[in-house]
There are 2 protein chains.
Amino acid sequence: MSRFSPAQVVERTGFSLDTLRYYERIGLLDGIARTPGGQRVFSDDDIAWLGILRCLRDTGMPIAQMQRYADLCRDDTTMAERLALLEEHDREVQRRIDELQAQRVHLAGKMDYYRSLDTRSATA
Amino acid sequence: MSRFSPAQVVERTGFSLDTLRYYERIGLLDGIARTPGGQRVFSDDDIAWLGILRCLRDTGMPIAQMQRYADLCRDDTTMAERLALLEEHDREVQRRIDELQAQRVHLAGKMDYYRSLDTRSATA
DNA sequence: CAACAGCCTGGAGTGCGCTCCAGGTCAAGG
DNA sequence: CCTTGACCTGGAGCGCACTCCAGGCTGTTG
């Protein structure tokens, strides 16, 4: 059970210190320990939770939904709801991937067009 | 060479009227025809260009980069630069897809965990 | 030719997710 | 001890990409 200073957490999670404070303020982080003087001390569990937040954030989950998930995680009778939330989010991510891939096809067409012009001028 | 009213363009492109006006204001749209009274009239070419903007926007290109691309498209000696811009963007999109797919693996692990708990309670 | 939906402009406002700031406190090294 | 860099709080500010608004003109329809 290691303990981490704010600076160490910044380094490990990639979140800025301001973002960590912001997340605590809005309830995404909760029960973060403090030194007698009031400075934050993060545990392994906190780091792990931040990893989950990063995964959700990086897959485009809005803050409001992360708050909903965080709330569910404070009540241990909500496993089914947490699963449902993650499943819905996962479908959302898959839709996003599909859309990006579909649009890449259009990009490829456009690029081919420019390459065909390039070839002409290069061989002229 | 059809001509479209703003409302028709909204329907065909999915951009809101305000967004179309905004895009014109910031130079993403340019040379849009007007009636004698000053109302916009869109051509097939305009619709096609809006399709390109939608593709770029939906793949996450920032407005500033779309402006750069729009500028390049006003100068017909910039094919190589346009291609380079699109290629860089395409790599960006591919990176985004890769990241989403990597994070989906984590999501899947988390969901499996919740499902394993669910099974226990369902069979109890 | 009157009505009325649609469109115009410039500019202000919105929502999201941070990010920065002022003014102070804390804690580890010398 | 004393310094000094890390950290604290509450609150304001920012960048992005729109979105909305007031007040007024347009143009098709009956």
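The figures here come from the full heavy-atom set of this structure, side chains too, leaving out hydrogens, waters and symmetry mates. Below, chain A is the first sequence line, B the second, and so on; all start at residue 1.
Glu24(A) is linked by a side chain to side chain contact (heavy atoms under 4.5 Å, CB included) to Leu29(A), Ile32(A), Arg34(A), Arg40(A), counting only residues two or more places apart in sequence or in another chain.
Ranking dG27(D), dC20(C), dA27(C) by closeness to the Thr35(B) side chain, first place goes to dG27(D). Among dC7(C), dT19(C), dC18(D), the nucleotide with an atom closest to any side-chain atom of Arg57(B) is dC18(D).
Across the protein-nucleic acid pair, Arg54(A) atom CZ and dC18(C) atom P stand 9 Å apart, rounded to whole Å. dC7(C) atom P lies 7 Å from atom CD of Gln39(B), rounded to whole Å. Here dG11(D) presents its P atom at 16 Å from OH of Tyr22(A), a figure rounded to the nearest Å. Per the geometry, CZ belonging to Arg34(B) stands 13 Å off C1' belonging to dC25(D), to the nearest Å. Computed from coordinates, the Arg21(B) CZ to dT19(D) C1' distance equals 11 Å when rounded to whole Å. Rounded to whole Å, atom C1' of dC26(C) lies 13 Å from atom CZ of Arg40(A). In this structure, CZ of Arg25(B) is placed 13 Å from P of dC18(D), rounded to the nearest angstrom. One interatomic measurement links the two molecules: CE of Met61(A) to P of dG17(C), which rounds to 11 Å at whole-angstrom precision.
Nucleotides of DNA chain D nearest to Pro6(A) and Gly38(B) differ in position, and the one nearer the 5' end is that of Pro6(A). Between Met66(B) and Pro36(B), the residue whose closest nucleotide on DNA chain D is further toward the 5' end is Met66(B).
Contacts of Tyr23(B) with the nucleic acid, taken as non-hydrogen atoms under 4.0 Å apart, involve only primed sugar atoms and P, OP1 or OP2.
For Asp18(A) against dC18(C), a side-chain-to-base donor-acceptor contact under 3.5 Å is absent.
With no hydrogens or angles considered, a side-chain donor-acceptor pair links Gln94(A) and Asp98(A) at under 3.5 Å.
In this model, the phosphate group of dC18(D) is not approached by any side-chain N or O of Ser16(B) to a distance below 4.0 Å at OP1 or OP2.
Within the 4.5 Å cutoff, the side chain of Glu81(B) has no heavy atoms near those of the Asp75(B) side chain. When side chains are defined from C-beta on, Tyr113(B) does not count as touching Leu83(A), because their heavy atoms never get closer than 4.5 Å.
In terms of heavy-atom proximity, Phe15(A) sits nearest to Leu20(A) at CB-CD2, 3.8 Å.
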